[in-house]
Protein chains: 2
Amino acid sequence: MNADALRGHMDALLLSVLEHEPLHGYAIIEALRERSGGELDVPTGTVYPALRRLERAGLLAGEWASDGGRKRRTYRLTDAGRKALTGERSAWRSFTTAIGSVLDPLR
Amino acid sequence: MNADALRGHMDALLLSVLEHEPLHGYAIIEALRERSGGELDVPTGTVYPALRRLERAGLLAGEWASDGGRKRRTYRLTDAGRKALTGERSAWRSFTTAIGSVLDPLR
DNA sequence: TGTCTACATATAGACAGCCTACATATAGAC
DNA sequence: GTCTATATGTAGGCTGTCTATATGTAGACA
């Protein structure tokens, strides 16, 4: 998976994976890997800053929790985040349609 | 169309639009707009540098031509470019499958 | 004649976000 | 006591897209 290809789609991925359950960063990375059949292996240096960015933007709400001695920051979708996810999904469809129409004009 | 979303897919678009006929930069922009139903409107400041980059990489071959007093630089796919296009198409499929599996897990 | 639009190419510099590499720490297995 | 998995985070680099600007021809139109 080329790194540049992910640009601008990270937000959609993060929002989507948090749609049905709150998760912490590490678990998000695993969820992305599992859901994509191992295709998406996003480095921590990408995910943690992105989560903070989405939190600052009001799309996610983060909260510290403890599992034994381990500290986790668990994120859940806000209402704005849920709305944004809808937009991201529709943008994804437009995007794939547009690029696809150029790459595979016969279909 | 968000600008960042295009990142890493520009090469595929340019190679693809040149697959069946050589074109010059301006015509490429129009072809992208037409093929995508107006969705893709790529600025000149993106296309011209990208074409040079692909030329330097050996995927395109450019040649100056004249139509009356107008000068055009017409690009055609090289053999390496044709090979790269195949790779870009397959990468595009992996990419959409991976992202799609996260965004629309039900399908 | 002058102006406007479409055609055509190009570059400089800004910007954003993803990456690598590194730092830190706990838990549990062995 | 060492190793691996779990867990978060930052600094700095990279690179490709964008905006803005520059330059010039051709043709329409007044």
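These values consider heavy atoms only, across backbone and side chains, with no hydrogens, waters or symmetry-generated copies. The sequence lines fix the lettering, A, B, ..., with proteins before strands; numbering per chain opens at 1.
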B/S90 side-chain N/O to B/T86 backbone N/O, donor-acceptor pair under 3.5 Å: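 Side chain of B/S90 to backbone of B/T86, a donor-acceptor pair under 3.5 Å: no, none is there.
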Calculate the interatomic distance between [X] atom [atom1] and [N] atom [atom2]; express it in whole Å.
X: B/E30; N: C/dT9; atom1: CD; atom2: P; result: 10 Å
X: B/L51; N: C/dT11; atom1: CG; atom2: C1'; result: 15 Å
X: B/D67; N: D/dA26; atom1: CG; atom2: C1'; result: 10 Å
X: A/L54; N: C/dA16; atom1: CG; atom2: P; result: 15 Å
X: A/R52; N: C/dC18; atom1: CZ; atom2: P; result: 17 Å
X: B/W64; N: D/dG24; atom1: CH2; atom2: P; result: 14 Å
X: B/Y48; N: C/dG13; atom1: OH; atom2: P; result: 21 Å
X: B/H24; N: C/dC7; atom1: NE2; atom2: C1'; result: 8 Å

Pairwise salt bridge (Lys or Arg N to Asp or Glu O under 4.0 Å) hits with a residue in residues 35-51 of chain B, at least two apart: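 Qualifying pairs: B/R33-B/D41.
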Salt bridge (charged side-chain N to carboxylate O under 4.0 Å, His left out) against B/D79, all qualifying residues, sequence neighbours excluded: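 So B/D79 forms no salt bridge (charged side-chain N to carboxylate O under 4.0 Å, His left out) with any residue.
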Sequence neighbours left out, what passes side-chain contact (heavy atoms from CB on, under 4.5 Å) with [X]? Give chain and number order.
X: B/A61; answer: B/R76, B/T78
X: A/T97; answer: none
X: A/R52; answer: A/E55, A/R56, A/W64, A/R73, A/Y75
X: A/A3; answer: none

Reference residue B/S16; test side chain to side chain contact (heavy atoms under 4.5 Å, CB included); the match among B/L77, B/L85, B/L32: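 For B/S16, the side chain to side chain contact (heavy atoms under 4.5 Å, CB included) test succeeds with only one of B/L77, B/L85, B/L32, which is B/L85.
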DNA chain C stem ranges, 3 or more consecutive Watson-Crick or G-U pairs under 3.5 angstrom: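 C:1-30 with D:1-30 - these are the stems of 3 or more pairs that involve DNA chain C.
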Contact state string [nucleotides 12-23 of chain D, B base, S sugar-phosphate only, - no protein heavy atom under 4.0 Å]: ---BBSBB----
For A/R53, all residues meeting side-chain hydrogen bond (donor to acceptor under 3.5 Å, both in side chains), sequence neighbours excluded: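 For A/R53, the residues satisfying side-chain hydrogen bond (donor to acceptor under 3.5 Å, both in side chains) (neighbours in sequence not counted) are A/D11.
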Pick out the pairs of N or O atoms, protein on one side and nucleotides 28-30 of chain C on the other, that lie under 3.5 Å.
none

Indicate every side-chain donor-acceptor pair of residues 19-27 of chain B with a distance under 3.5 Å to a residue at least two apart or in another chain.
{"unit_1": "B/E19", "atom_1": "OE1", "unit_2": "B/R89", "atom_2": "NH2", "d": "2.9"}

A/E63, CD: over 12 other non-hydrogen atoms inside 6.0 angstrom: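 No - once you tally the heavy atoms of other residues, nucleotides and ligands closer than 6.0 Å, there are 12 at most.
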